[in-house]
Amino acid sequence: DEVEKFEFVPGQFITLDLPIHEQPNKRWRSYSIASAPDHTNVVELIIVLMDGGLGTNYLFHEAIEGTSFPVRGPQGHFVLPDPITTDLFMICTGTGIAPFRSMLQHIYHNNIPHKEIFLIYGTRKCQDALYLNEMLDLKQKLPGFHYFPTFSREEQVAEGLCIGYVHGVYQQLLQEPKDNPQFFLCGWKDMITDARQKIQALGIGKDAIHFELYG
């Protein structure tokens, strides 16, 4: 209530203080902001209902429109380089698309100069894909933006979609020379660990790999 304008940088996250436990550190739940800053004081979050999850069960089953609770942030340094002078690889799975959706919408709506951008998004089934149509549309409107939605549990997909895992996609793309690429990884620990190892095995230095870990 004390903030007149909630300003944030695409890629940052906020922490919700939910009334689910007496100890403060067991009440906090952090989520990347999925919307771009537009001076409306509205942010969009991607929240998945987890079995037995105190935080998500409260948000899904107890909180209603108008419910208020403290919010900390914005926080985090998982943000776009300024200026963008190299190719960018955005690699994510599941809800890890949140910060990249914010970044891409920010680039598009503000006509921010950029090089090639590769969004490689992995999930199990087509029906699970977040912002699929929006990203396919952005692929047509944002010059230099390449979108690779990748599904690990599908046997057949429409043209423009991929079958498999995110690792195979960027490994294939990197067979061709890129402009000193920077890598941004977002998702669960196992995916990020595998990606960091595989990217470095391709000769990419640690300094070019940035990540936001979920869970």
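Around the CD atom of Glu7, the shell of radius 6.0 Å holds more than 12 heavy atoms that belong to other residues, nucleotides or ligands. Within a 6.0 Å sphere centred on CG of Asp207, heavy atoms belonging to other residues, nucleotides or ligands number 12 at most. Summarising the local packing, CD of Glu44 is surrounded by more than 12 heavy atoms from other residues, nucleotides or ligands at distances under 6.0 Å. Environment of CG in Asp51: sparse, with no more than 12 heavy atoms of neighbouring residues, nucleotides or ligands closer than 6.0 Å. Within a 6.0 Å sphere centred on CZ of Arg72, other residues, nucleotides and ligands contribute more than 12 heavy atoms.
In this structure, CG in Leu54 is found 9.5 Å from CD in Glu62, a value given to the nearest 0.5 Å. Remark: Thr40 OG1 to Lys5 NZ distance equals 11.5 Å, nearest 0.5 Å. The distance from atom CG of Leu80 to atom NE2 of His106, rounded to the nearest 0.5 Å, is 7.0 Å. His210 NE2 to His77 NE2: the interatomic distance, rounded to the nearest 0.5 Å, is 13.5 Å. Remark: Lys198 NZ to Thr193 OG1 distance equals 10.5 Å, nearest 0.5 Å. A distance of 9.0 Å separates CZ in Phe183 from NZ in Lys178, rounded to the nearest 0.5 Å.
Under a 3.5 Å cut-off, the side chain of Thr15 and the backbone N or O of Trp28 do not form any donor-acceptor pair. A donor-acceptor pair under 3.5 Å links the side-chain atoms of Gln12 to the main chain of Gly76, judged by distance alone. At least one donor-acceptor pair under 3.5 Å links the side chain of Asn57 to the backbone N or O of Gly53. A donor-acceptor contact shorter than 3.5 Å links the side chain of Thr67 to the backbone of Ile64. Remark: the backbone N or O of Leu16 is not paired with any side-chain donor or acceptor of Tyr31 at under 3.5 angstrom.
In the hydrophobic clustering of ILVMFWY residues, with side-chain heavy atoms under 4.5 Å counting as a link, Ile112 and Leu119 come out together. By the criterion of side-chain heavy atoms lying less than 4.5 angstrom apart, applied directly or through intervening Ile, Leu, Val, Met, Phe, Trp or Tyr residues, Leu138 is grouped together with Ile84 in one hydrophobic cluster. By the criterion of side-chain heavy atoms lying less than 4.5 angstrom apart, applied directly or through intervening Ile, Leu, Val, Met, Phe, Trp or Tyr residues, Val43 is not grouped with Val9; the two fall into different hydrophobic clusters. When hydrophobic clusters are built by joining Ile, Leu, Val, Met, Phe, Trp and Tyr residues whose side-chain heavy atoms come closer than 4.5 Å, directly or via intermediates, Phe13 is not grouped with Leu45. Residue Leu59 is not grouped with residue Val42 when hydrophobic side chains (ILVMFWY) are merged at heavy-atom distances under 4.5 angstrom, including chains of intermediate members.
A 4.5 Å side-chain heavy-atom check between Ser35 and Arg101 finds at least one atom pair inside the cut-off. Side-chain contact check for Thr150 versus Tyr121: every heavy-atom pair is 4.5 Å or farther apart. Between Arg196 and Lys206, the closest side-chain pair of non-hydrogen atoms is not below 4.5 Å. Counting heavy atoms from C-beta outward, Ile14 and Phe6 have side chains that approach closer than 4.5 Å. Counting heavy atoms from C-beta on, the side chains of Lys26 and Ile20 never come closer than 4.5 Å. Using a 4.5 Å heavy-atom cutoff, the side chains of Leu18 and Arg29 are in contact. At a threshold of 4.5 Å between non-hydrogen side-chain atoms, the residues His114 and Leu142 count as touching. Using a 4.5 Å heavy-atom threshold, the side chains of Thr86 and Pro81 count as separate.
When every heavy atom of Glu4 is checked against every heavy atom of Asn41, the shortest pair comes out as O-ND2, 2.8 Å. Ser102 approaches Ile33 most closely through the heavy-atom pair CB-O, 3.4 Å. Across every non-hydrogen atom of Val48 and Thr95, the tightest pair is CG2-CG2, 3.5 Å. Considering all non-hydrogen atoms of both residues, Glu212 and Gly11 come closest at OE2-O, 4.2 Å. Closest heavy-atom contact between Gln105 and Ala36: CB-CB, 3.8 Å. Of all non-hydrogen atoms in Tyr214 and Ser32, the two that sit nearest each other are OH-OG, 2.7 Å.
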Between Asp87 and Lys115, is a salt bridge (charged side-chain N to carboxylate O under 4.0 Å, His left out) present by the stated rule, with each step listed? CA-CA 5 Å; Asp87 291 344; Lys115 300 289 187 178; over 6 Å; no

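The residue from Phe89, Phe78, Phe184, Phe145 that alone fulfils the ring pair (Phe, Tyr, Trp, His ring centres under 6.0 Å) condition with Phe100 is Phe78.
Classification of the Phe148-Phe118 ring pair by plane angle, with boundaries at 30° and 60°, yields parallel.
For His167 and Tyr170, the ring centers are positioned less than 6.0 Å apart.
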